[in-house]
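Since the structure comes first, as structure tokens, the remarks are kept for the end.
These numbers were taken from a predicted model, which means no experiment stands behind them. Side chains are part of it too, since the values below use all heavy atoms of this structure and drop only hydrogens, waters and symmetry mates. A note on names: the letters A, B, ... follow the listed sequences, proteins ahead of strands, and every chain is numbered from 1.
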Amino acid sequence: KAGVTQTPRYLIKTRGQQVTLSCSPISGHRSVSWYQQTPGQGLQFLFEYFSETQRNKGNFPGRFSGRQFSNSRSEMNVSTLELGDSALYLCASSFSSASGYTDTQYFGPGTRLTVL
Amino acid sequence: GNSVTQMEGPVTLSEEAFLTINCTYTATGYPSLFWYVQYPGEGLQLLLKATKADDKGSNKGFEATYRKETTSFHLEKGSVQVSDSAVYFCALSDSWAAGNKLTFGGGTRVLVKP
């Protein structure tokens with residue numbers, strides 16, 4: 001089974017721009033979560049999508065948004081980029097049910113975003 | 001809320017030495033516990049997991065036991081190799097909470113010297 005894929009792997013943007021990152025989950029996984037990893041803050045949860053709906057959200061400003069498509073692929077968008085948004089953005093997919101059970105999360109290789 | 005505390009690194013060892021990375025947690029309910037490993041320039045790989053008290057997760061020579069009484073999930077390996085050099089993250093999640101998320105510790109960098 002193919003793993004979680006993320007594109008692009010590397011991005012360089014300037015302050016004020018916006019960026020869209022993409023994540024394709026493992027086949028059959030309907031839950032996709034996004035995390036931000038920085039040296040200072042570590043790994044922080046951004047949001048989770050299940051069946052095209054945002055099911056959980058972390059403590060990030062509204063500039064961070066996401067969506068999920070009917071094939072479970074997900075995108076996250078960051079608008080009005082700031083220097084502090086430079087980070088590794090990780091996507092994880094898992095099997096999950098509508099009733100609430102969520103299995104182990106499997107991570108992609110990440111997208112390294114640099115904001116200049 | 002949930003939290004995970006793990007020992008700070010870096011931990012520097014010689015090949016074939018014994019490795020222990022301490023991890024303690026605070027959680028409501030009955031979380032599942034995980035160890036993930038991150039090699040340079042890569043994402044997180046699941047190393048092992050345990051879903052209930054007294055469960056032992058094991059993989060690639062690594063082991064960790066879910067200790068509810070001490071709220072701990074320490075990672076151990078009896079004989080490390082240079083290829084074990086990486087950053088190790090302890091994490092927890094509530095598998096039965098809709099909108100599940102992982103809560104991570106700060107990570108422990110391990111460097112194994114030949």
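Separating the OG1 atom in B/T103 from the CD atom in A/Q44 is a distance of 11.0 Å, to the nearest 0.5 Å.
Nearest heavy-atom pair, A/Q105 versus B/Y36, reported as atom, atom and distance to 0.1 Å: O-OH, 2.6 Å.
Residues A/F107 and B/L92 do not share a hydrophobic cluster, clusters being chains of Ile/Leu/Val/Met/Phe/Trp/Tyr side chains in contact below 4.5 Å. Placement of A/Y49 and A/L90 in two distinct hydrophobic clusters is found when ILVMFWY residues are connected by side-chain heavy-atom separations under 4.5 Å, directly or transitively. A/V78 and A/F45 fall into different hydrophobic clusters, where Ile, Leu, Val, Met, Phe, Trp and Tyr residues are linked whenever their side-chain heavy atoms come under 4.5 Å apart, directly or through other members. Put simply, B/F89 and A/Y106 are part of the same group of oily side chains (I, L, V, M, F, W, Y) that touch within less than 4.5 Å, one to the next. At a threshold of 4.5 Å between side-chain heavy atoms, the hydrophobic network of Ile, Leu, Val, Met, Phe, Trp and Tyr places A/L116 and A/Y10 in two separate groups.
Counting heavy-atom neighbours within 6.0 Å of A/F95 CZ, excluding the residue itself, gives a total of 12 or less. The 12-atom threshold is exceeded at CD of A/Q17, counting heavy atoms of other residues, nucleotides or ligands nearer than 6.0 Å. No more than 12 heavy atoms of other residues, nucleotides or ligands shown are found within 6.0 angstrom of CD on B/E8. Within a 6.0 Å sphere centred on CZ of A/R9, heavy atoms belonging to other residues, nucleotides or ligands number more than 12. Dense packing is recorded around CZ of A/R63, with more than 12 heavy atoms of other residues, nucleotides or ligands lying under 6.0 Å away.
In this structure, chain B has no heavy atom under 4.5 Å from any part of A/Q41. Residue A/R112 does not touch chain B at all, counting heavy-atom pairs closer than 4.5 Å.
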Apply the test side chain to side chain contact (heavy atoms under 4.5 Å, CB included) to residues A/T104 and B/F34: give CA-CA distance (whole Å), side-chain angles for both, the deciding distance (0.1 Å), then the verdict. CA-CA 9 Å; A/T104 304; B/F34 306 85; 3.8 Å; yes
Could you walk me through whether A/L88 and B/Q38 satisfy the side chain to side chain contact (heavy atoms under 4.5 Å, CB included) test, starting with their C-alpha distance in whole Å, then the side-chain angles of each, then the deciding distance to 0.1 Å, before giving a yes or no? CA-CA 12 Å; A/L88 181 67; B/Q38 186 174 38; 3.7 Å; yes
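Below 4.5 Å, heavy atoms of chain A meet heavy atoms from B/G41, B/E42, B/G43, B/L44, B/L46, B/K49, all part of residues 40-49 of chain B.
Among the candidates A/S94, A/P109, A/G42, A/C91, the residue making the largest number of heavy-atom pairs closer than 4.5 Å to chain B is A/P109.
Between A/Y35 and B/F104, the distance from one ring center to the other falls under 6.0 angstrom.
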